[in-house]
Amino acid sequence: MRPFTYERPKNVPAALALASKFAAKDDPPTEADAQFIAGGTNLADYMKLGVARPERLLDLNGLSEASLRQIKITDKSIRFGALVRMGEAADREEIRSGCPVIAQSLQLAASGQLRNMASLGGNVLQRTRCEYFRETSWPCNKRKPGSGCSAMNGFNRQHAVLGTSDACIATYHGDFAQALIALDATVEIEGRRGRRTLAFAKLHQLPGKTPNIETNLAADEIITAIEVPLGPWSSRSRYLKIRDRESYAFALASAAVALDMDGDTVREARIALGGVATVPWRAGAAEDVLKGKVLDEATANRAAEAAFADARPLAFNGFKIELGKSTLTRALLETRDMKS
Amino acid sequence: MNQAAPTPKDNQGDPVVRIDGRLKVTGQASYPADIATANVAYGVLATSTIARGKVSKLNIEDAKAVTGVLDIVTYGDMDNIGKPKFGNTSASSIAPLHDRTIFHDGQIVALVVAETFEAAEEAAMLIHADYEDEQPSAGFESKGTKTEAAAGKNPMLKEDPKAGDFDAAWANAAVKIDEKYSTPTQHHNPIELFSTTAIWQGDQLTIHEPSQNVTGWKVELARQLKLDPANVRIISPYIGGAFGSKGPMTARTAIVAVAARRIGRPVRCVVSRMQAFGTQTYRAETRHRIRMGAGKDGRITAFGHEGWEVTSRPDPYVVGGTSATARMYDYGSVLTHVSIVHADRNTPGYMRSPPETPYVYALENAMDEMAAALGMDPVEFRRINEPAKEVIGGKPFSSRSLIKCYDEAADAFGWSKRDAKVGSMREGDWLIGMGCATAIYPTAVAPCAARVRLTSDGDVRVQCGSHEIGTGVRTIAGQMAAELLGIAMEKVSVEMGDSALPPAPVSGGSISTASVCSAVMQACETVRQKLFAGAVGKDGPLSGSGNAKLDMADGKVGAETGKSAKLADVFKAMQVGAIEEYAEFAPKGSSPEALKKLYAGQPEFHGGEGDEDSVKYAFGAEFVEVRINSYTREVRVPRIVGAFAAGRIMNTRTARSQLMGGMIWGIGQALHEATEIDQRHARYVNRDLQDYIVPVNADIKQVDVILVPEVDREVNPAGVKGLGELGNVGTAAAVASAVYHATGKRIRDLPIRIENLLA
Ligand SMILES: Cc1cc2nc3c(=O)[nH]c(=O)nc-3n(C[C@H](O)[C@H](O)[C@H](O)COP(=O)(O)OP(=O)(O)OC[C@H]3O[C@@H](n4cnc5c(N)ncnc54)[C@H](O)[C@@H]3O)c2cc1C
Ligand code: SF4
């Protein structure tokens with residue numbers, strides 16, 4: 001591991017001041033000289049592998065603002081401070097019963113030890129586990145723009161079928177983000193240039209020609225909170241995660257589903273897909289298919305077809321299209337059958 | 001008694017708790033890289049990023065400039081050192097720093113030594129090689145591999161077993177199966193990482209390294225370093241996951257020793273999990289073709305088993321499991337052939353039941369297919385083909401309780417409730433499947449030495465250079481001594497894992513319990529005879545009971561008459577404080593050089609199919625239930641039942657634990673485990689525990705182990721059949737059979753993944 005400077009700023013303004021002093025303005029946060037660290041479960045791993053190479057780490061765990069560590073639940077929304085740990089959010093009874101898709105997406109992620117360490121802010125920004133990205137001896141456009149994509153014609157079983165580009169096919173693996181994008185969450189961001197609120201759906205960027213730029217955050221911006229609006233769909237919601245083993249594995253395919261039902265008929269469906277796309281993936285076309293329809297196996301199948309209409313398979317990941325569809329079908333039917 | 005400590009049945013020993021269990025679970029056991037070492041420097045390997053070619057230039061200037069770097073051992077620095085030789089003690093003949101040729105991905109190109117681990121790691125990352133690279137061959141699918149017959153290339157397979165006229169029987173068979181099966185590359189991922197710590201004191205070298213073969217390594221390392229073996233000591237008291245991975249020594253050990261000599265300080269090198277994929281051994285990828293012909297009555301008339309296995313360019317590593325598959329059932333005729341395929345890969349090696357796991361997987365999958373083709377119950381099909389003698393050499397089995405295992409396991413599993421019709425069992429959205437398969441493992445034994453000391457206070461010390469690799473052999477050796485000397489287990493201490501102790505064979509091939517216990521028995525027997533003589537002698541406390549049968553129990557020597565004497569009194573009469581005996585055990589059929597070879601680290605193995613009088617195997621039967629979601633097709637294993645018969649069971653707790661662990665591994669082999677290879681570059685890509693998938697706790701639900709009583713006096717004096725490797729043989733086939741029963745899909749290539757089962 002390369003030597004680095006470690007600092008523990010006392011509050012958000014101090015952290016921002018350090019960030020803008022040491023991070024060049026135009027660097028994406030993942031390439032900046034100064035980078036924030038929260039739980040470190042993603043960043044420290046990549047530093048050890050030589051993938052992340054910050055000169056300076058700014059530890060967010062010393063920030064004094066209490067709201068960063070709080071979960072605030074009202075009738076209208078749940079607001080998560082960015083330093084809330086995954087485990088804490090997953091265990092909150094009001095969230096488990098009031099908005100199960102959120103609790104489940106966290107509960108089914110990583111392991112107990114990791115969930116106790118990892119923050120929600122860091123979670124949504126976790127970087128891909130593409131094997132060729134993780135190992136610095138391979139060409140990789142995300143790690144070294146312009147060097148090529150080793151996964152494209154290599155072993156790409158875990159790679160994405162949706163949202164890919166000719167430059168990069170790396171999957172966004174996070175689970176929590178699927179619940180957030182399905183539920184129209186927003187992110188609160190503080191930077192040297194002020195405070196802004198962003199639709200969660202706008203946080204991540206498709207790889208396109210610049211897969212090294214993963215979000216539209218600047219290197220001197222901190223996520224301070226994530227807010228999830230609640231509604232009639234919240235309690236009838238579910239996260240279904242299909243993986244190679246029962247626990248401690250990323251999704252091969254997953255579906256976050258929330259349904260607002262009028263008897264058997266769907267008033268409104270909210271759907272996101274994990275494990276299959278390069279960014280958190282809202283399946284708007286599938287939602288449109290279901291709106292106003294009786295939800296049965298046939299309509300669920302049609303929604304699933306719509307969700308994967310544009311999917312692009314490669315040598316080893318073609319099964320994700322079939323699996324993604326059946327995952328969504330199953331998730332829709334199981335969510336329909338929930339008592340709410 | 002609890003589930004972990006099954007009540008002993010006939011010929012089974014008490015579930016004595018592990019001597020070192022508490023130390024291990026409380027973190028107090030010091031593994032080789034934990035040993036506090038004064039003034040130690042840290043070594044980190046730099047490895048190749050191509051699989052075939054030459055290093056034209058190694059750029060080490062940036063690495064040298066890192067603060068704290070002490071030395072870099074690379075090309076030229078090993079020239080005066082002997083090259084490793086491929087064999088039981090050395091993993092490969094590839095001598096990475098003797099030669100700039102690259103034979104495989106992840107080959108060592110340098111060892112950086114620095115004041116801190118971090119500095120060494122940073123410097124190792126800064127080493128860059130310029131290569132003259134060539135297109136490598138990754139394996140079966142690649143151009144440029146070289147295929148040759150395996151028989152005779154390696155002592156593992158002297159010749160291809162055969163019997164009768166296969167061609168005629170095959171041509172005439174009423175029902176035929178002709179199918180191909182495959183098993184993937186699998187890598188050892190023990191929780192304890194591989195490591196070497198080298199310490200010189202003058203010309204005396206001490207190595208702390210997890211090892212399954214301290215005596216063999218001592219001799220081999222001395223040869224490489226041109227030292228007297230007496231000046232080399234290998235210490236490995238605890239081993240965190242062995243299973244063959246720590247059996248052969250790799251090139252790293254000598255390199256670290258050279259580094260330590262160059263800088264005049266101890267050097268410790270802990271290999272990262274990623275680098276272990278290229279620098280350690282692994283389970284070879286295999287392919288199989290099985291032709292099986294049977295009559296309508298279900299009798300197998302023809303059995304043909306062809307195998308292909310990937311190995312490295314220079315070394316003829318042979319998996320070769322046909323010796324067990326050819327003797328499994330009462331075949332009318334047998335034809336086998338094994339080929340090895342040389343590719344640009346590191347040399348494979350042993351992994352838990354190395355030959356049997358892949359070969360029996362193929363056979364048992366074919367058995368299930370044949371049973372289905374015959375419309376026969378798979379258990380019944382095996383019953384019909386139960387042999388009186390093995391068909392290759394016509395020798396009897398020393399004991400064979402396979403059908404008993406099937407009966408007991410089937411009963412416990414509830415096999416009779418299985419609806420044989422494919423796809424007929426279901427609960428909600430979950431398809432249910434049930435399958436079974438046979439487990440087999442050869443019973444071998446090797447020469448072994450041990451020293452046993454009994455003091456007048458009743459303290460027992462057992463010393464033996466075997467290895468506690470998790471099997472419980474330390475506990476069992478102590479148990480054997482405690483039983484024969486009539487001493488409570490608390491008073492027994494056992495020392496193992498040090499080449500300064502009496503030599504034991506490599507802890508591989510499930511021979512340790514049999515070999516070690518036989519040596520300990522022999523030493524204890526002499527101790528007993530000396531004590532008995534003292535007890536009944538002229539001044540002895542049992543003087544006069546000369547001809548009575550004596551025994552030892554509860555810290556006393558007792559006579560048949562009921563008279564007994566405390567140990568202390570016997571010792572007093574003998575006027576000695578302790579009796580210490582050194583025993584050298586050589587199994588029946590040993591050559592005159594057997595003991596010499598033991599000391600030279602090249603022990604003879606006896607048993608299996610190699611003996612004159614009989615063939616010796618342990619058997620088991622495993623039953624598995626799977627559940628497969630009808631939408632998303634993930635496979636889960638709610639329960640598995642295995643019944644095993646392995647002669648005398650020394651300790652039901654450790655035996656159950658070994659068999660349970662084996663079955664769990666078998667589930668992983670069926671559904672999870674595989675090393676992924678980038679075929680274009682012959683490089684491993686899933687080199688960590690997130691991407692190299694093994695089962696986690698949540699994948700394993702109910703695991704039942706049944707220890708079927710069996711007595712076998714032929715196998716060895718202790719009457720023990722090794723069972724450390726028995727449990728994971730057959731499991732994958734049982735899972736595949738259950739998957740077929742649930743879905744009608746016959747998956748012949750492991751692992752069985754979701755993509756194989758979708759629509
Ligand atoms: C073995 C393993 C298994 C896993 N399995 C799963 C899984 O199944 N599902 C899943 O969803 N995840 C999984 N994860 C990922 C895990 O959830 C993430 O590593 C974790 O959530 C990251 O949070 P952190 O606080 O540790 O982030 P860090 O590692 O500290 O940071 C991650 C990134 O976010 C940035 N960052 C952190 N906080 C902020 C902030 N407030 N504002 C701006 N930038 C910030 C950092 O600069 C860094 O770039 C797994 C991880 C591991 C190691
Ligand atoms: S998929 Fe993306 S991250 Fe992976 S190698 Fe290609 S460019 Fe790099």
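Order of the sequence lines sets the chain letters (A, B, ...), proteins ahead of strands, with each chain counted from 1.
- Of the listed residues L240(A), L252(A), T136(A), N153(A), the one with more heavy-atom pairs under 4.5 angstrom with chain B than any other is N153(A).
- Among the candidates F155(A), Y248(A), W138(A), the residue making the largest number of heavy-atom pairs closer than 4.5 Å to chain B is W138(A).
- A distance of 10.0 Å separates CG of N317(A) from CD of E755(B), quoted to the nearest 0.5 Å.
- Proximity to chain B is limited to the side chain of T329(A), based on heavy atoms less than 4.5 angstrom apart.
- The candidate with the highest count of non-hydrogen atom pairs below 4.5 Å against chain B, out of E322(A), Q158(A), E246(A), K320(A), is E246(A).
- Between E122(B) and P3(A), some side-chain heavy-atom pair lies under the 4.5 Å cut-off.
- A heavy-atom distance below 4.5 Å is not found between the side chains of K325(A) and Y631(B).
- By the neighbour-count criterion of 12 heavy atoms within 6.0 Å, atom NZ of K701(B) is densely surrounded, having more than that number from other residues, nucleotides or ligands.
- Inspection of non-hydrogen atoms places I693(B), V694(B), V696(B), A698(B), D699(B) of residues 692-699 of chain B under 4.5 Å from chain A.
- Contact annotation for L333(A): only side-chain heavy atoms (C-beta onward) come within less than 4.5 Å of a heavy atom of chain B.
- Side chains of E131(A) and D691(B) form a contact here, defined as non-hydrogen atoms less than 4.5 Å apart.
- Here the closest heavy-atom approach between residue S137(A) and residue T49(B) is recorded as CB-CG2, 3.4 Å.
- If you measure heavy-atom distances from I242(A) to chain B, the contacts under 4.5 Å come from the side chain alone.
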- [ ] Start with the C-alpha gap between F319(A) and I754(B), add the side-chain angles, then the distance that decides, and say whether side-chain contact (heavy atoms from CB on, under 4.5 Å) holds.
- [x] CA-CA 8 Å; F319(A) 76 97; I754(B) 259 179; 4.0 Å; yes
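- Annotation: M117(A), atom CE; neighbour count of heavy atoms from other residues, nucleotides and ligands within 6.0 Å does not exceed 12.
- Around the CG atom of D264(A), the shell of radius 6.0 Å holds no more than 12 heavy atoms that belong to other residues, nucleotides or ligands.
- In terms of heavy-atom pairs under 4.5 Å with chain A, the best-connected choice from R636(B), E118(B), H681(B) is R636(B).
- Side-chain contact check for R134(A) versus D688(B): some heavy-atom pair is nearer than 4.5 Å.
- Under the ring pair (Phe, Tyr, Trp, His ring centres under 6.0 Å) criterion, F4(A) pairs with no residue, sequence neighbours left out.
- A salt bridge links R330(A) to E634(B): at least one charged side-chain nitrogen sits closer than 4.0 Å to a carboxylate oxygen.
- Heavy-atom distances place the side chain of R687(B), and not its backbone, under 4.5 Å from chain A.
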- [ ] Let me see the working for Q690(B) and F250(A) under side-chain contact (heavy atoms from CB on, under 4.5 Å), right down to the final yes or no.
- [x] CA-CA 9 Å; Q690(B) 173 66 46; F250(A) 290 99; 3.2 Å; yes
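- Ion pairing between E121(B) and K48(A) fails under the 4.0 Å rule for side-chain N and carboxylate O.
- A 4.5 Å side-chain heavy-atom check between V685(B) and E135(A) finds every atom pair outside the cut-off.
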Open item on the list: Apply side-chain contact (heavy atoms from CB on, under 4.5 Å) to residues M274(B) and L49(A) and explain how you reach the verdict.
Closed with: CA-CA 10 Å; M274(B) 287 175 97; L49(A) 293 171; 3.5 Å; yes
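- In this structure, the portion of L689(B) lying under 4.5 Å from any heavy atom of chain A is its backbone and not its side chain.
- S150(A) and R680(B) share no donor-acceptor pair across their side chains, judged by distance under 3.5 Å alone.
- A distance of 10.5 Å separates CG of N686(B) from CZ of R129(A), quoted to the nearest 0.5 Å.
- For E141(B), the salt bridge (charged side-chain N to carboxylate O under 4.0 Å, His left out) partners at least two apart in sequence or on another chain are R287(B).
- Among the residues in residues 664-679 of chain B, those with a non-hydrogen atom closer than 4.5 angstrom to a non-hydrogen atom of chain A are H672(B), E676(B), D678(B).
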